[in-house]
Structures are given as C-alpha cells and as structure tokens.
**Q** 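The structure under discussion is supplied below as structure tokens; questions concerning it will follow.
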Amino acid sequence: MSFILNRRSILQAATLLPGLALLPSSLSAAGPAAGFTHSVASGDPKVDSVVLWTRFVPTDGGTTALKVEIAADRRFIHIVSRGSASSSAMTDFCVHAYPTGLEPGRWYYYRFVAPNGETSPVGRTRTLPAGKPGKFRIGVFSCANATSGWFNAYAHAAARDDLDLIVHLGDYIYESPVDRSDALAALAKARDVQPRGEAVSLADYRLRYASYRADPGLQELHRNFPMIAMWDDHETANNSWEGGAKNHGAQDGPWDVRKAAGVRAFREWLPMRNSDYDRYQIGDLATLFRLETRLLARSKQLEIGAALFGAGDPREAIARFRDGPLADPARTMMGSTQERWLADGLADSAGGGTRWQVLAQQVIVAPTRLPKVSPAWFAPGATPSGRDQAELGAAAELADAGIPMGLDRWDGYPAARTRLLAGAAKARANLVVLSGDSHNAWAYELAHEGRPVGVEFAGHSVSSLGVEKRFAGDALTIAQDFVAANPGLKWCETSRRGYMVTILTRDAVSNDWVFLPSLDIQSTAVLDTTRLVSERSSYRLSRA
C-alpha cells in the first residue's frame, strides 16, 4: 500500500494524530436525599496523619457538627482518636477531617456520627510506613468515563486485601455530555449520570461528582483504602492548560471561573489536602511525588495543523514546526517552580538513601510515535476508505519526520521532558513513572542523552475507550507494530480496560496490568494479567 504526501492529506493527518494519542478524550445522580449520602473515604496519607471524608446532608439543609472517631479495631472497642468536623452547604455538604498523631504504617478504622446518632459506614485507612519497609503495593487507576463502561476495575480492587494505597492519576470524572460520541446510550441511561449536558458551573461539577461517587464499586474502594488523587483534564475540560482548554469556548464563560469551579468541586469531593503537588515518604523504600501538569503552568498545546495551513512545501513546514515551536525550551508542563521542587526532591530522596523515586502524574512521558497502520488494525471485513488511507499515510509521514503521536503528552513538550529526565539522571535516581490518560497499557524504558534513567508504567483506563475505538482489528498485531516503531516501548496492550498494581520491594519494582471486562458487562472476572519487572539500578524491564 503506497501513499502520496500532499498538503491536504497532511492537514487531515494533523487532526488525526491527537485523536490517536488520547482516543478520546448503577449510578444515581443524587443518591440518598439526606444523611450520609456517599459512604466514606480517606486519602492523602502521611506517616502520622490522613484525611477522612464523608458527605452528610441534614434534613433542614443547615450546618451540622459531626463527631469523628478513629479506632484500632473494626468494632471501635479501642478508640485512639476523637474529633469533630462540620457539614454545610458551602462545601456541598462534603466533610473533611484531618487527624494527626497516628502511628506509622498502621491500619485504622474510622466513622462519623451525626447529632441524631446516625452513623456513617465504617471506613478503613492506613498511614504511610516509617523505617525500612520490605514491600509496598499501590493500586493505580485513571480515566473512568461513566458512559463508556462499568467501573469493574474499582469493584475488583475494592475486594482485595493486599493493597496498601490507591493512586488515581486523573480523569476521575468526565465533564462531557452523556451523549458524547463514544457513549453507550443504554449505559448512560441506566447510570443516570447528571447533569446530562457538559459540566461548566460549580453546580454542574458537584452534581457530576455526586453521580460518579454513587457507584458502589468506587464507594467500596474509597471505604477500604486511602487514596492519593490528582486531576487531569476532564476534571475541568478536555485538553486543558493554564489559560484555557480545547473544549472551552466563549459560550462557556471565563476560563478562570470554570477552572476554579472544577478545582473547587475536586477539593470538596476528594479526601485530599489543598496542595497542588506534594511528596510522600514510604520509609526508606520510596519517595512518591504527586505532580501537577495541567492547570498551574502548562503551556498551550501545539497544533501542527495550524502550522501547516497555508504553508508552502509541507515537508519544510513540518521541519520548521519540529525544530521551532515544538522544541522551544520555554514550553513547560509544570512551570519553573515545580520543576525546581521536583529536581531538588529527587536529589534529596536519592542522596538520602531512599531506594526508589516514583512520579505519579497524568500523561505519558516516554516518546511515542505512531506506527504505519496495516490492514490488520481494522476489524475483519472492514475496509479503510480512500480518505482513511490518505490520512493514515500522511500520519505515517508525520511520524517519519519526527512528529510525535500526541502533542498533549510530554511528547508535546520535549524540552520540559529533557529537564525532568536530566534531573533524575543528575540525582542518580531509581526513577519509576506512573502515567495515565492514554486509556491503554504501556511499559517503557526511559533514557536521557542515550543513557537509561528509569522505567515508566502507563495504565489502561477504568472504562474510557482507547486505540480500539478506531482500530478494532488484531490487538496483538497493533501492539507488535507499536513496539517495533518505538525503541523505548517494551510492551503494550491496546484493547482492554482495568487497573495497575505497582509493587515496590527493596531490590525490584514490578507492575501488574489487570484486565477486566467493561463496556456493557458488570463483572469482576479477571480476563488476564501481565507483569513486568525492573531490578533496582538496572533501568531495564523484563517479563516476570
């Protein structure tokens, strides 16, 4: 199959590449009308503290003082801490409590008690360990679109007894209308996600969180484990950046107002402190850095189509784009303040003897190019149209010219990525990157200036559709083509949903990709599990 490169096909391919990179981008909207409406949750753990959460709506809609109790046992015979917290309409009746003085590395039980004696469900949480832990297990999630599939991944993980912490890498909610292009109409109706249109205002975002948090699997996950959560783009709007978003227009009002509404609802509904980024010490085993790559300082995403529009020779225009705007060192994902904080933190952690440095962040770091698409990528009997062939051929030409698959990832900010990896190399860190957003499963070896510097585990989504949305052909062939086209990519899977489990030991880190049904099937039956391992200081991956 051959293709002819021309300006029209290049422009069409320019609109295709970002879509290939992101692809896309029983719930009750209200839950109980009063009382403890959405169970309990905990998160943002430290060695001696944790954030506790619930939502309590009084029948009179007023402010309510709740008692908070923490115990060493499920029956609350040995209560170790008592406190109070308030519920009010100002925070959508979401309640946060911040107990301190807890012992490191311990499981605790907690509950909230209303003035009328009503008691919340009992939650379980855990502080981070001190000293020299031998093992630590992290469940890793991202991208849960309620209209694309069931949250089976949450339900499966919630029933486990071998996890120490949950990390959610973003797209905890989707702000988009329930009839978006990849929505399953019957599922959207069954789950009754509210509001039905796009979330724009504070009231919209609050209602969307209420819908998502009504999911029983998600409630159980929060009830049984502490979570470290961060936002990506869909907590505000698709492909957001510091000054706007791809899916934000003049009709949606000022961006700063919408951004503030999305952030406020996130802070209300998640058991997190109000820090935009933070670090967590897991004894001398690992330092986990929670990054913010969306709203604080991210430069606007580039669009190659705009660079090519009206240009002369498309090859020359591509080269100018690649070597000019794309390579601009001023472009940033995190901003200079957070970059310095991270570089200093990596040096402090590695220099202090901590064995692993883990970055929990939103989008894929490793370079990723789109392979040439073969007929095997399409479902049996599906024949790509002439337009499809022209677009895919042009996309392959862009990839050959050095244009990455997704400009919303770190690929769209290569100078910023270089600074990040240079910091890790200088610190002699044992770098492990956890990434979300792509909706598919990827395992990379990371390099800086030709030398290995770390590994990256990128997670498949809870329910959002990935590469298979457009290419429903042979998944094994698609994966093999991606690996062949990308030297740092050691394994991928592009067709199934689920979650990851990252297991840190003193001498190795391993990552399990757990695959479960989604779409229109409610089931926690595991379809498959893949594990890759990296020995400490090897910066290499191998199959377990």
Side-chain angles (χ1 to χ4, degrees), residues 1-25 148 176 180-183 238-239 246-247 301-326 363-364 367-409 411-412 437-440 442 464-486 489 492 494-495:
M1 188 181 296
S2 61
F3 302 98
I4 299 174
L5 179 67
N6 57 50
R7 185 180 301 110
R8 179 179 179 184
S9 60
I10 286 288
L11 286 168
Q12 291 170 336
T15 64
L16 171 69
L17 279 176
L20 288 171
L22 295 178
L23 289 172
S25 262
S148 293
S176 43
R180 55 182 277 164
S181 62
D182 60 354
N238 184 48
N239 283 13
K246 181 177 181 180
N247 281 13
Q301 297 89 342
L302 295 173
E303 295 185 11
I304 190 171
L308 297 174
F309 186 77
D313 186 329
R315 290 183 177 84
E316 292 180 1
I318 293 170
R320 287 195 300 271
F321 174 83
R322 180 194 63 217
D323 301 334
L326 185 59
V363 296
I364 289 177
T368 310
R369 300 283 170 81
L370 175 70
K372 288 183 171 60
V373 176
S374 71
W377 283 41
F378 294 88
T383 303
S385 67
R387 179 175 178 176
D388 284 338
Q389 294 183 37
E391 289 181 1
L392 292 170
E397 297 276 5
L398 287 171
D400 289 342
I403 304 302
M405 191 171 94
L407 297 178
D408 185 59
R409 304 175 176 185
D411 259 341
D437 187 71
S438 77
H439 304 179
N440 292 118
W442 316 83
S464 304
L465 303 182
V467 168
E468 79 282 0
K469 179 185 178 183
R470 174 157 187 164
F471 299 109
D474 182 60
L476 180 59
T477 297
I478 294 171
Q480 291 172 339
D481 290 347
F482 266 106
V483 170
N486 294 280
L489 179 62
C492 69
T494 65
S495 67

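Note that this is a predicted model, so its numbers are computed, not measured.
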**Q** So, taking the atom named SG in Cys492 and the one named CG in Asn486, what distance separates them when rounded to the nearest 0.5 Å?
**A**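 Answer for the SG-CG pair, Cys492 versus Asn486, is 8.5 Å.
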**Q** Does the side chain of Lys469 reach to within under 4.5 Å of the side chain of Ser181, using non-hydrogen atoms?
**A**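 In contact.
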**Q** So which heavy atom on Ala475 is nearest to which on Thr494, and how close?
**A**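 Looks like O-OG1, 4.3 Å.
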**Q** Calculate, to the nearest 0.5 Å, the distance between atoms CG and CZ belonging to Asp481 and Phe471 respectively.
**A**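 Answer for the CG-CZ pair, Asp481 versus Phe471, is 11.0 Å.
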**Q** Just to verify, what does Asn247 make a side chain to side chain donor-acceptor pair (under 3.5 Å) with, not counting sequence neighbours?
**A**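 Testing Asn247 for side chain to side chain donor-acceptor pair (under 3.5 Å), a comparison that skips the adjacent residues, returns none.
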**Q** Measure across Arg470 and Glu391 and return the closest heavy-atom pair with its distance rounded to 0.1 Å.
**A**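 The answer is NH2-OE1, 3.9 Å.
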**Q** Should Lys372 and Asp400 count as an ion pair when the cut-off is N to O under 4.0 Å?
**A**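 So Lys372 pairs with Asp400 through a salt bridge.
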**Q** Is there a side-chain contact between Ile364 and Asp411 in this structure, where contact means two heavy atoms from C-beta onward sitting under 4.5 Å apart?
**A**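 Side-chain contact under 4.5 Å: no.
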**Q** Any side-chain heavy-atom pair from Leu465 and His439 closer than 4.5 angstrom?
**A**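 No; the side chains remain at least 4.5 Å from each other.
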**Q** May I ask you to decide if Asp408's main-chain N or O and Asn239's side chain share a donor-acceptor pair within less than 3.5 Å?
**A**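 No, because the side chain of Asn239 does not come within donor-acceptor range (under 3.5 Å) of the backbone of Asp408.
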**Q** Rounded to the nearest 0.5 Å, what separates atom CG in Asn238 from atom CZ in Arg180?
**A**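 That separation rounds to 7.5 Å.
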**Q** Does the side chain of Leu326 come within less than 4.5 Å of Leu302's, by heavy atoms?
**A**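 The answer is yes; the side chains approach within 4.5 Å.
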**Q** How long is the span from the CG atom in Leu392 to the CZ atom in Arg387, to the nearest 0.5 Å?
**A**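 Here the rounded value is 11.5 Å.
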**Q** Please report the shortest heavy-atom distance between Ser464 and Ser148, naming the atom on each side.
**A**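 Closest approach of Ser464 to Ser148, heavy atoms only: CA-CB, 4.2 Å.
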**Q** Quick one: list whatever passes ring pair (Phe, Tyr, Trp, His ring centres under 6.0 Å) with Phe482, sequence neighbours left out.
**A**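 So Phe482 forms a ring pair (Phe, Tyr, Trp, His ring centres under 6.0 Å) with Trp377, Trp442.
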**Q** Would you mind reporting whether Asn440 and Glu468 have side-chain heavy atoms less than 4.5 Å apart?
**A**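 Yes, their side chains come closer than 4.5 Å.
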**Q** List the steps, then state whether side-chain contact (heavy atoms from CB on, under 4.5 Å) holds for Ile403 with Arg322.
**A** CA-CA 7 Å; Ile403 304 302; Arg322 180 194 63 217; 3.9 Å; yes
